[in-house]
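So you know, we letter chains A, B, ... as the sequences are listed, proteins then strands, and number each from 1. Everything numeric in this text was worked out from a predicted model, so none of it was measured.
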Amino acid sequence: MSHSELSEQELLRRESLQKLRDLGIDPYPAALYPVDAFAADIKAQFEDGKQVCLAGRMLSQRIMGKASFAEIQDASGRIQVYFNRDELCPGEDKTLYNEVFKKLLDLGDFIGVRGVVFKTQVGEISVHVTEFQLLSKSLRPLPLPKTDASGVVHDAFTDPELRYRQRYVDLVVNRHVKDVFIKRTKLFNAMRAFFNRAGYMEVETPVLQAIPGGASAKPFMTHHNALDIPLYMRIANELYLKRLIVGGFDGVYEFSKNFRNEGMDRTHNPEFTAMEIYVAYKDYNWMMDFTEQLLEFCALEVNGTTIAPFGDHTIDFKAPYKRVTMRQSIIDFTGFDIAGKTEDELRAAAKGMGIEVDETMGTGKLIDEIFGGKCEGNYIQPTFITDYPKEMSPLCKVHRDDPSLTERFELMVCGKEVANAYSELNDPIDQRERFEEQLKLQERGDDEAMFIDQDFLRALEYGMPPTSGLGIGMDRLIMYLTNNASIQEVLFFPQMRPETQGPKIVLNETETAIFEKMQSEKQLLLGELRAHFEISNKVWDTSLKTLTKNQLLTVFKEGDLLLVKLN
RNA sequence: GAUUCCGUAGCUCAGCUGGUAGAGCAAUACACUUUUAAUGUAUGGGCCCUGGGUUCGAAUCCCAGCGGGAUCACCA
């Protein structure tokens, strides 16, 4: 980037940087800074006269002649600090205060201060600075939202594009954004604690898979050079965790980054996080109890309460949750009983409800469409929907009382699925038949049908104990727990289209110096320009070539004279 | 993918039926020793997203593109 592209404020900050260096101050010192206090703690446990050493970004400065207030923000929060000229500079030389503090420091710089805790006349807990040090210079101005006396935020940094592309800025400036991510980590920690206490083991399984199994979705494809084979980014980890149950673990879980090459919207990101857990010798009824206990615990750990406001709704994660069969749910909201109906009857019924249907849809798909269209959206409070049609659940065990159904539940919250669980199918012959049915669906035009994983079938043939498995959409759950309607608000770096920018010209130090010289001269004899720089002929030659190639300068002849001019 | 709104100073935003750019904060300079959206005075800062078109003249109107948001559809 050439200097001419920098804004006025960026140029001034670079000048300050140089002036600091001229004063013998390293703007990027290497040594550790012996921090022994945090803003939030100082405020929470006020001790008048306590010596503290803290560090952070300076985010405001109120200079009043020989005294000043500033605010420092560290990882814990903000605190006001007080600077007094004659205390910082007891001698004749007031440079440290007058120049360094007042002029050469900018908002956003990291500084370290030592001082004494006190309360100002208006009662604000502050640190009376006895010593300060620049820890890192900031060369770009941060957006600076301000909160007035009545709590209204002015000039908030709100542009979603800027906030997502420059999350580091968002986090510095928007405290509530940081809090969302702190809660996100609390949620993960709470789940781990809950599972570990139950004696289950956290495991890792492959992200790169030869057969992308365990769900119906379009995978991202890649290629392994040494093996010369295609590999897929996982769309789920289900089949690998079940292999571990075959291997003899009683309970395994994994927080799985999954990848799906599909549309993006406010609830879908191409990479997202699912938690899956498999427990041997359990069934889906046990898993429902376990799930509601888990979510109640997580809500309490994250928010200190089971109540979670979400948009216009107030969700309560307190167990137990209502349990409704899919058949009953459809009766409740449409009056139609799906039990024992043929595919044609279902299609006609769905059509009658105003649901779009087509010939590729089997009975399972039709029932799913009816449920999705007429029922799903009505479940605001956490509700288990149970006993899904067999056709939609190729990895799930057949229902013990009804062979057309499966022992499956989904947990609905605010009309969306947050969890999905089965009594896992462990009959290898049934499993093979289900995969083959998927193939038929594929041939019929269903492009989401699953691949057949022969190795997984082999594992099942060795025998898998009865097992129940649960998957939770972590991103969606944290959205509910932090009242965010968009997945982008709960991912540090949501997927964005790459920033397109014209080919940027990058000048090195010499080239920059030559260019700056020419900016003040406009036009010069080539030899004269050369004489200003103590560099080798080779460096001179390549530098000038870079500048002319990028059309910043032009070399031209006037008679016998070689001249350079600025473009 | 469809519809719709948006893109102007570092940030948040004005800018009328076209006449060549405005505010607050931030910045710069000066003043000010317990302020707190500190204050007062002065000053500087713009490829008005990009490219075409209409026009004597475009930030403004038209077309196309790029980027983003929202809603819907599709998809777990």
* Asked: Looking across every strand, which nucleic acid part, if any, lies under 4.0 Å from Arg13(A) by heavy atom: base, sugar-phosphate, or nothing?
  -> nothing
* If we call it a pair only when both distances are under 3.5 Å in a Watson-Crick or G-U wobble match, what pairs with A9(B)? -> none
* Structure fact -> U4(B) -> Watson-Crick or G-U wobble partner, both distances under 3.5 Å, gives G69(B)
* Met264(A) has an atom CE; how far is it from atom P of C72(B), in whole Å? -> 18 Å
* Asked: What nucleic acid atoms does Val152(A) come within less than 4.0 Å of, heavy atoms only: base, sugar-phosphate, or nothing?
  -> nothing
* Side-chain N or O of Lys146(A) closer than 4.0 Å to phosphate OP1/OP2 of A37(B) -> no
* Is a side-chain donor or acceptor of Asp74(A) paired with a backbone partner of Gly77(A) at a separation under 3.5 angstrom? -> yes
* Asked: Counting side-chain heavy atoms from C-beta on, which of A38(B), G10(B), U34(B) comes nearest to Gln9(A)?
  -> G10(B)
* Does U60(B) pair with anything, Watson-Crick or G-U wobble, both distances under 3.5 Å, and if so, with which nucleotide? -> none
* Asked: For Lys119(A), which contact category applies under a 4.0 Å heavy-atom criterion: base, sugar-phosphate, or nothing?
  -> nothing
* Distance, rounded to the nearest Å, where Gln80(A) contributes CD and U33(B) contributes C1' -> 14 Å
* Between Glu489(A) and Arg184(A), does at least one N-O distance fall below 4.0 Å, as a salt bridge requires? -> no
* Structure fact -> Gln61(A) CD to A37(B) P, in whole Å, measures 17 Å
* For the pair made of CG in Asp159(A) and C1' in A9(B), what is the distance, rounded to whole Å? -> 15 Å
* **Residue whose nearest RNA chain B nucleotide is more 5′ - Tyr164(A) or Leu144(A)** => Leu144(A)
* Please work out if Asp86(A) contacts a base, only the sugar-phosphate, or nothing of the nucleic acid, heavy-atom cut-off 4.0 Å. => base
* Can you tell me the distance, in whole Å, between the CD1 atom of Ile63(A) and the P atom of A31(B)? => 12 Å
* Measure the distance from CD on Gln73(A) to P on U36(B) and round it to the nearest whole Å. => 21 Å
* **Neighbour count >12 (heavy atoms, 6.0 Å) for atom CZ, Phe38(A)** => no
* Would you please confirm or rule out a distance under 4.0 Å between OP1 or OP2 of A38(B) and any side-chain N or O of Arg62(A)? => yes
* Asked: Considering only side-chain heavy atoms of Met64(A), which listed nucleotide, C11(B), C72(B), U35(B), is closest?
  -> U35(B)
* With a 4.0 Å cut-off on heavy atoms, is Phe157(A) in touch with a base, just the backbone sugar-phosphate, or nothing at all? -> sugar-phosphate
* How far apart are the closest heavy atoms of Gln61(A) and Leu105(A), and which atoms are they? -> OE1-O, 4.3 Å
* Side chains of Arg78(A) and Ser60(A): donor-acceptor distance under 3.5 Å anywhere? -> no
* **Check: Asn420(A)/Arg408(A) side-chain N/O donor and acceptor closer than 3.5 Å** => yes
* Structure fact -> Between CG of Asp170(A) and P of G69(B) the distance, given in whole Å, is 13 Å
* Proximal nucleotide (of G69(B), U34(B), G67(B)) relative to the Phe69(A) side chain -> U34(B)
* Just checking Arg85(A): base, sugar-phosphate only, or nothing, at a heavy-atom cut-off of under 4.0 Å? -> nothing
* **Contact under 4.0 Å: Arg163(A) side-chain N or O vs G69(B) OP1/OP2** => no
* Asked: Applying a 3.5 Å limit to both distances, which nucleotide forms a Watson-Crick or G-U wobble pair with U54(B)?
  -> none
* Asked: Charged N to carboxylate O under 4.0 angstrom, Asp86(A) versus Lys94(A)?
  -> yes
* To do: Identify the nucleotide, in any strand shown, that forms a Watson-Crick or G-U wobble pair with A37(B), with both distances under 3.5 Å; if there is none, say none.
  => none
* To do: Under a 3.5 Å limit for both distances, which nucleotide forms a Watson-Crick or G-U wobble pair with A27(B), could you say?
  => U43(B)
* NA contact type, Gln495(A), heavy-atom cut-off 4.0 Å: base, sugar-phosphate, or nothing? -> nothing
* Who pairs with C74(B) - Watson-Crick or G-U, where each distance is under 3.5 Å -> none
* Asked: Does Glu8(A) get its side chain close enough to the base of A27(B), under 3.5 Å, for a donor-acceptor pair?
  -> no
* Going by ring centres under 5.5 Å and near-parallel planes (under 30°), is His154(A) stacked on A37(B)? -> yes
* **Side chain of Lys103(A) - closest among C75(B), U35(B), A29(B)** => A29(B)
* Asked: Using a cut-off of 4.0 Å on non-hydrogen atoms, how would the nucleic acid contact of Phe272(A) be classed: base, sugar-phosphate, or nothing?
  -> nothing
* Asked: With no hydrogens and no angle check, do the side chains of Asp265(A) and His268(A) hold a donor and an acceptor under 3.5 Å apart?
  -> yes
* To do: Mind calculating the distance between CG (Leu162(A)) and P (C6(B)) to the nearest angstrom?
  => 18 Å
* Indicate, with a heavy-atom threshold strictly under 4.0 Å, whether Glu124(A) touches base, sugar-phosphate, or nothing. => base
* Asked: What does Asn420(A) touch in the nucleic acid at a heavy-atom separation under 4.0 angstrom: a base, only the sugar-phosphate, or nothing?
  -> nothing
* Determine the contact category for Leu107(A): base if any of its heavy atoms lies under 4.0 Å from a base atom, sugar-phosphate if only primed atoms, P, OP1 or OP2 are that close, otherwise nothing. => sugar-phosphate
* Base G67(B) to side chain Glu161(A), donor-acceptor N/O within 3.5 Å cut-off -> no
* Structure fact -> Contacts of Val122(A) and Ala156(A) projected onto RNA chain B by closest heavy atom; the upstream (5') one is Ala156(A)
